[in-house]
Amino acid sequence: MDAARDDLTTRPLNLVDEFVLTLFNESTGYFHQVPGWNMNCAIIGAALAELSLLSRIDTDMTSLHVLDPTETGDPALDPILKDIVESGPNRDTRFWVERLVSHAESVISLTLERLLSLKVLEHHDGEFYTLAATELHSALHGAPREGAIGQFVKGRISTIILTDSIPDPRDAIIVGLANACDVLRFMFDLDAESERRIEQICNLDIIGRTVAEAVKHNIVNPRVQRVVGLKEYPTVRWRYLLRNPHLRSGNVPALFSDLSQEYGPVFQIKPPFSPSLLFMGGPEVNRWVHRKGRIFLRAADYFAGIEEVYGAHGVFPSLDGADHFRLRKALNPGYSRNRLEGHLDTLYLRIRKFVADWEEGAFLQPAVACRYLANTQIAPLMAGIDTQDVIDDLIKFKERLLLTHVGRVLPKFLAHTPSMKRRAKLIETVVERVQFAHTPAQRAGCPRNLVDDLLSLHASDPQFLPESNLKFFFSTPALASVYLGDMLGFALYSMAAHRKIHDGIRTEADALFGAGDPEGPDFSKSAIDVTHRFIMECLRMYPIIPMSIRNVMNTCVVEGYELPIGTRVHIVQTATHYMGDLFPDPHKLDIDRFLPSRNEHLGTAYAPYGLGTHLCLGFRWVELQLAINLLMIAHYFTLEVFPANQPLKLSPFPSTSPSKSLRLKIVEKRRELPA
């Protein structure tokens, strides 16, 4: 009966799939942390074992030879089989584990894609995965039941370890490989009897024993570790840096694109009278950070100073690992596009109220006006309050903290001046407003917002989200207003500077708003195609946060450069935005980059929202809110850059923003706003 159920539930999965699912850690949304070389050896071991079960190869303690060179049709296995077929004389399994370890990353990626296509895993922003609910057919009860195949696979492995049931060869191989990685004791509650049982299982199957022994020996004493001639960090010449035009214009991504192409993916800059700063940039770096950054890099250190100011510990930007994944899942609804769609009436009202006094012939200063426009929306939508009267001080407070405690551009004592102490008291004012606005009586009948989610999480687990952290979270809409406002400022400038795009956005706006206010589903991909591609291009050219800061928590090697424990690295993930081989003619605004025929944004080269586990949680909310603001402004007004030939200047610190010298002119008020 158990065998019948096994056939029904795991038929689509091969041994590599099941081994990956065995190592999957639901609490972190990724694998149990097996060291990279160990993980790669084990993955290759699983691939060799699967080829053996498919009768393509045979292996014993002394040799591995080909039985059938016919391709399997599996893109993860066939390159490995091809290498073995073309090798010539027989070699032992240990040799092949070492020889083929370079295929491991590809095998892992293809396996994850396969598990996603089979709906065994679900992918989430930030390179997280979860087990997908699946109908498991129980031969025992003759009826479907809800569950997850991954849980079933792990449960099956648990059963054979913790009971005296007889495992089939596949399970014995999985246990042997996992045991070689020394990961089973972190997955299951093992006692001495269980450990003896594992040893017995590892010896049951000759194929599994051969592969597992080869993997184990390679892990302990590899013959052919990856050969790395460690390089010294190149130092940027000051003459080259000072002559770079992008330094003067404030275009950080373009500057570091040039530096990365001149000096390589890892380099250092030595400011006068200060320690050297280490930077990383380029497509290889982006791929490494996106997939492996969670293992080697930590966010907590760079944000510790700001946490101290707020009296908080373990707030969202500083968390890593399981706690970060848990908090991210809990807050995801509050930052989602669906949540914003539930507040569209408020959003429309706020936008119209703000632009009601815009008149034909008037001038706008995007660097200021767009932050106010964003704040008049964000504070009510996320926190249920108004903060227009204090937003200037809140922004100055946040920016000073970023410059002193994160960017380290200014000395720390400047975070404790009298003006900063006065502004710190305004944080308490904002917290009091939020608390008053979120009593049961005040929230009755109101759509749920982010603060409601935070308060619920605090009530359910005050140790995980303590009251001491709420002050930070309650004040985050002010910082969100800065980022969203500056994105909107760049977008308005670019729309005003490109008449054809302005007309395209206006056409979409008139179709959407011409017969009344649209509902959430009306903002479909086809309905806002030009607007959405335009926003993507603005974020490529003018990313608000062009780099991230991390500390190395586990020594690693990136592109031949060793990063020791404790090293602070500045990851310029947007340097790729100005690399011509990735984005042809990168200084030209070209929204056709994102058409299906080109799709230049696919992969990790396009990174305006960051990379990996700290990918911006609310980017889908942001893109919709930006689109609605642009569409409504284009529906009511026509803008031009003034003067027409004024070049765009950027302010790079503490985040990228339009220069305050930038002006736009309202050349036409196309229609009256509703009262």
Side-chain angles (χ1 to χ4, degrees), residues 305-312 315-317 334-335 343 346-347 349-357 364-406 410 414-439 442-443 446 449-452 454-455 467-489 544 618 621-622 625 629 651 653-655 657-658 660:
I306 291 183
E307 285 189 325
E308 184 179 351
V309 170
Y310 278 90
V315 298
F316 192 52
Y335 286 98
H343 292 267
T346 300
L347 181 61
L349 177 65
R350 290 280 170 168
I351 294 173
R352 289 188 175 114
K353 183 178 180 180
F354 187 88
V355 303
D357 59 352
L364 300 177
Q365 188 180 10
V368 177
C370 289
R371 288 186 175 186
Y372 287 144
L373 176 55
N375 184 67
T376 196
Q377 304 163 39
I378 288 285
L381 294 175
M382 288 191 163
I385 61 172
D386 280 308
T387 56
Q388 287 290 79
D389 59 324
V390 295
I391 188 60
D392 284 335
D393 282 314
L394 293 179
I395 289 174
K396 290 175 182 177
F397 182 76
K398 290 276 189 178
E399 290 185 338
R400 180 69 62 84
L401 289 183
L402 291 172
L403 289 169
T404 54
H405 290 285
V406 176
L410 299 176
L414 290 178
H416 305 284
T417 61
S419 63
M420 284 294 286
K421 291 178 181 179
R422 177 182 60 82
R423 290 167 186 149
K425 292 181 180 179
L426 290 177
I427 300 294
E428 302 292 344
T429 300
V430 170
V431 171
E432 289 174 2
R433 290 182 188 179
V434 172
Q435 291 172 332
F436 179 78
H438 285 78
T439 62
Q442 297 297 318
R443 293 302 295 161
C446 296
N449 63 27
L450 177 64
V451 170
D452 292 323
L454 290 165
L455 291 173
E467 186 179 348
S468 59
N469 284 4
L470 290 178
K471 182 165 73 170
F472 173 83
F473 282 110
F474 289 170
S475 65
T476 53
L479 193 58
S481 299
V482 172
Y483 295 153
L484 180 67
D486 290 343
M487 291 178 191
L488 181 58
I544 302 303
W621 168 307
V622 166
Q625 191 168 356
N629 275 271
S651 298
F653 298 111
S655 57
S657 60
K660 290 184 178 180

Min side-chain heavy-atom separation Phe397-Leu426 under 4.5 Å = no

Going by atom types alone, do His438 and Asn449 pair a side-chain donor with an acceptor below 3.5 Å?
-> yes

Sort out for me which residue in Asn469, Leu401, Val315 forms a side chain to side chain contact (heavy atoms under 4.5 Å, CB included) with Tyr310.
-> Leu401

All heavy atoms of Met420 vs all of Leu414, minimum pair found to be CG-O, 3.5 Å

Evaluate the side-chain proximity of Val431 to Leu470: yes if any heavy-atom separation is below 4.5 Å, no if none is.
-> no

Sorted by chain and residue number, the ring pair (Phe, Tyr, Trp, His ring centres under 6.0 Å) partners of Phe354 (sequence neighbours excluded) come out as none

How about Phe472 and Val309: do any of their side-chain heavy atoms sit closer than 4.5 Å?
-> no

Listed partners of Phe316 passing ring pair (Phe, Tyr, Trp, His ring centres under 6.0 Å), at least two apart = His324

Ala437 and Gly384 have their tightest heavy-atom pair at CB-O, 3.8 Å

Tell me, do Asn375 and Leu484 make a side-chain contact under 4.5 Å, heavy atoms counted?
-> no

Could you walk me through whether Leu455 and Phe473 pass the side chain to side chain contact (heavy atoms under 4.5 Å, CB included) test, one step at a time?
-> CA-CA 10 Å; Leu455 291 173; Phe473 282 110; over 6 Å; no

At their closest point, which heavy atom of Pro477 faces which heavy atom of Ala383, and how far apart are they?
-> CG-CB, 4.2 Å

Would you call Arg443 and Asp452 a side-chain contact if the rule is heavy atoms closer than 4.5 Å?
-> yes

Residue pair Thr376 / Leu373: nearest heavy atoms and the distance that separates them = CG2-O, 3.0 Å

Not counting sequence neighbours, list each pair that qualifies as a salt bridge (charged side-chain N to carboxylate O under 4.0 Å, His left out) and has a residue in residues 371-395.
-> Arg350-Asp386, Arg371-Glu399, Arg371-Asp486, Asp389-Arg433, Asp393-Arg422, Asp393-Arg423

Side chains of Lys398 and Pro654 in contact at under 4.5 Å (non-hydrogen atoms) = no

Give, for atom CZ of Arg352 and atom CG of Leu347, the distance between the pair rounded to the nearest 0.5 Å.
-> 9.5 Å

Determine whether more than 12 heavy atoms belonging to other residues, nucleotides or ligands lie under 6.0 Å from atom CD of Gln442.
-> yes

Taking atom NZ of Lys396 and atom OG of Ser419, what is their separation to the nearest 0.5 Å?
-> 8.5 Å

Might you point out which heavy atoms bring Pro658 and Ser651 nearest each other, and give the distance in Å?
-> O-OG, 4.2 Å

Report the distance from atom CE of Met382 to atom CD of Gln377, rounding to the nearest 0.5 Å.
-> 11.0 Å

Taking every non-hydrogen atom, the tightest pair across Cys370 and Gly485 = CB-O, 3.1 Å

Let me see the working for Gln625 and Ile378 under side chain to side chain contact (heavy atoms under 4.5 Å, CB included), right down to the final yes or no.
-> CA-CA 10 Å; Gln625 191 168 356; Ile378 288 285; 3.6 Å; yes

